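Attaching a single structure in structure tokens format; questions to follow.
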Amino acid sequence: ANITLIGEKFRKLVVANAVGIPVVALGQGLVALIGYFIFGAPSPMLLFALTAIASMIPIVGAAIVYVPVGIFMIAEGNTGSGIGVLIYSLIAVGLTDNVLRFTLLKKLENIHPLNTVFGIIMGMNLFGFMGLIFGPILVSMTVLLIQVYRDEFSGEEETEIIMPEPKEIEKKIDLTI
């Protein structure tokens with residue numbers, strides 16, 4: 001039973017991570033591209049590609065691209081457009097990341113968002129650029145193996161946790177200073 005569970009879950013995890021992460025990156029890139037065209041950023045197609053690639057990196061992500069673009073536009077004298085790119089990207093691109101990443105990966109295979117974040121960070125350290133895909137898969141597989149281990153070696157009956165009475169706790173713990 002566990003062999004089938006591992007095989008099926010592994011297939012779903014690979015599909016969810018291998019499809020989900022690039023789709024989220026493409027979605028963020030497209031939303032950013034719209035903003036680049038609206039505010040007249042230089043070379044919007046190049047910035048789209050850079051934003052899509054950078055958005056796969058956790059925490060900083062697409063900001064690696066759109067913050068310097070906004071600052072460059074302000075330095076060039078296009079203050080309104082530069083501030084517009086920064087505000088638009090901060091709100092629209094950031095919201096796209098949150099919505100797509102958490103809903104898409106949740107729908108494809110119930111993957112917790114922290115699996116993705118920690119998996120990408122760990123994967124980048126271990127595998128370089130390929131770690132963007134392999135890191136989350138490794139973290140998800142580790143969680144799956146822990147689940148299988150728990151199911152296999154825990155007792156068949158569920159053990160109920162018995163909490164002591166509150167008065168009993170007060171007698172044992174003296175918090176007075």
Side-chain angles (χ1 to χ4, degrees), residues 1-37 41 43-69 88-162:
N2 285 334
I3 300 291
T4 343
L5 172 72
I6 291 174
E8 186 62 28
K9 278 289 254 193
F10 184 71
R11 187 185 66 71
K12 287 180 181 178
L13 289 172
V14 169
V15 167
N17 283 299
V19 170
I21 292 172
V23 166
V24 170
L26 189 63
Q28 276 188 279
L30 287 172
V31 170
L33 177 66
I34 293 168
Y36 296 146
F37 274 124
S43 304
M45 293 306 286
L46 173 64
L47 293 174
F48 155 73
L50 292 173
T51 305
I53 292 169
S55 67
M56 290 191 244
I57 302 169
I59 301 166
V60 289
I64 292 175
V65 178
Y66 68 73
V67 169
V69 168
Y88 172 85
S89 298
L90 185 66
I91 294 170
V93 177
L95 187 63
T96 303
D97 179 39
N98 293 336
V99 169
L100 280 180
R101 186 174 312 274
F102 300 134
T103 56
L104 186 66
L105 290 179
K106 239 4 186 171
K107 276 190 193 258
L108 287 173
E109 177 58 24
N110 194 13
I111 297 174
H112 194 278
L114 288 178
N115 284 5
T116 306
V117 170
F118 290 131
I120 289 174
I121 292 170
M122 177 205 63
M124 291 287 285
N125 287 336
L126 291 175
F127 304 114
F129 186 73
M130 293 304 292
L132 290 172
I133 303 297
F134 291 122
I137 291 173
L138 285 176
V139 169
S140 297
M141 282 306 297
T142 303
V143 170
L144 174 64
L145 291 175
I146 290 171
Q147 176 188 358
V148 168
Y149 179 82
R150 186 188 65 224
D151 292 346
E152 190 71 29
F153 293 109
S154 68
E156 293 298 320
E157 68 283 342
E158 291 293 319
T159 56
E160 186 178 323
I161 299 174
I162 301 169

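Bear in mind that the values here come from a model prediction, so they are computed numbers and not experimental data. Heavy atoms only: backbone and side chains are in, while hydrogens, waters and symmetry mates are out.
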Fill in: Leu95 CG to Leu90 CG distance, which is reported to the nearest 0.5 Å
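Leu95 CG to Leu90 CG: 10.5 Å, rounded to 0.5 Å.
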Worksheet entry | Distance-minimising heavy-atom pair for Pro44 and Leu33 |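 Distance-wise, the nearest heavy atoms are O-CD1, 3.4 Å.
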Worksheet entry | Contacts of Ser140 that satisfy side-chain hydrogen bond (donor to acceptor under 3.5 Å, both in side chains) - sequence neighbours left out |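 For Ser140, no residue satisfies side-chain hydrogen bond (donor to acceptor under 3.5 Å, both in side chains) once neighbours in sequence are set aside.
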Worksheet item: Can you tell me how far CD1 of Ile121 sits from CD1 of Ile57, rounded to the nearest 0.5 angstrom?
Response: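 So the gap between those two atoms works out to 11.0 Å.
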Worksheet item: Rounded to the nearest 0.5 Å, how far apart are CD1 of Ile120 and CZ of Phe118?
Response: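 It is 12.0 Å, given to the nearest 0.5 Å.
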Discussion item. The criterion is side-chain hydrogen bond (donor to acceptor under 3.5 Å, both in side chains); which residues satisfy it with Tyr66, sequence neighbours excluded?
Written reply: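 For Tyr66, no residue satisfies side-chain hydrogen bond (donor to acceptor under 3.5 Å, both in side chains) once neighbours in sequence are set aside.
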Discussion item. Considering only residues two or more places apart or on different chains, which pairs with a residue in residues 10-28 satisfy salt bridge (charged side-chain N to carboxylate O under 4.0 Å, His left out)?
Written reply: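 Listed by first then second residue: Glu8-Arg11.
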Discussion item. Under 3.5 Å, is there a donor on one side chain and an acceptor on the other for Tyr36 and Ser89?
Written reply: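 There is no such pair between these side chains.
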Worksheet item: Roughly how far, to the nearest 0.5 Å, is CG of Leu26 from CD1 of Ile21?
Response: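 Output value for this atom pair is 14.0 Å.
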Fill in: Result of checking Leu46, Thr51, Ile53 against Val65 for side-chain contact (heavy atoms from CB on, under 4.5 Å)
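Of Leu46, Thr51, Ile53, side-chain contact (heavy atoms from CB on, under 4.5 Å) with Val65 is met by Thr51 alone.
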Worksheet entry | Val139 versus Gly119, closest heavy-atom pair with distance |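 That would be CG2-CA, 3.5 Å.
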Worksheet entry | Contact summary for Gly131 and Pro136, nearest pair of heavy atoms |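 Between these two residues, the closest heavy atoms are O-CD, 3.6 Å.
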Worksheet entry | Pairwise side-chain contact, Val69 with Leu47, heavy-atom cut-off 4.5 Å (strictly under) |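 They are in side-chain contact.
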Item to complete: Could you list the residues that satisfy side-chain contact (heavy atoms from CB on, under 4.5 Å) with Leu100, not counting sequence neighbours?
Response: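 Only Val24, Thr96 meet the side-chain contact (heavy atoms from CB on, under 4.5 Å) criterion with Leu100.
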Item to complete: Can you sort out the partners of Phe134 under side-chain contact (heavy atoms from CB on, under 4.5 Å), two or more places apart, ordered by chain and number?
Response: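 side-chain contact (heavy atoms from CB on, under 4.5 Å) list for Phe134, sorted by chain: Phe127, Met130.
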Worksheet item: With sequence neighbours excluded, what pairs up with Ala25 under the side-chain contact (heavy atoms from CB on, under 4.5 Å) test?
Response: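 Counting only residues at least two positions away or on another chain, Ala25 forms a side-chain contact (heavy atoms from CB on, under 4.5 Å) with Ser55, Met56.
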Practice prompt. Enter the distance from Asn98:CG to Gln28:CD here, rounded to the nearest 0.5 Å.
Written response: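 These two atoms lie 8.5 Å from each other.
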Worksheet entry | Partners meeting side-chain contact (heavy atoms from CB on, under 4.5 Å) with Met141 (sequence neighbours left out) |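 Met141 satisfies side-chain contact (heavy atoms from CB on, under 4.5 Å) with Ile6, Phe10, Leu13, Ile137, Leu144 once adjacent residues are dropped.
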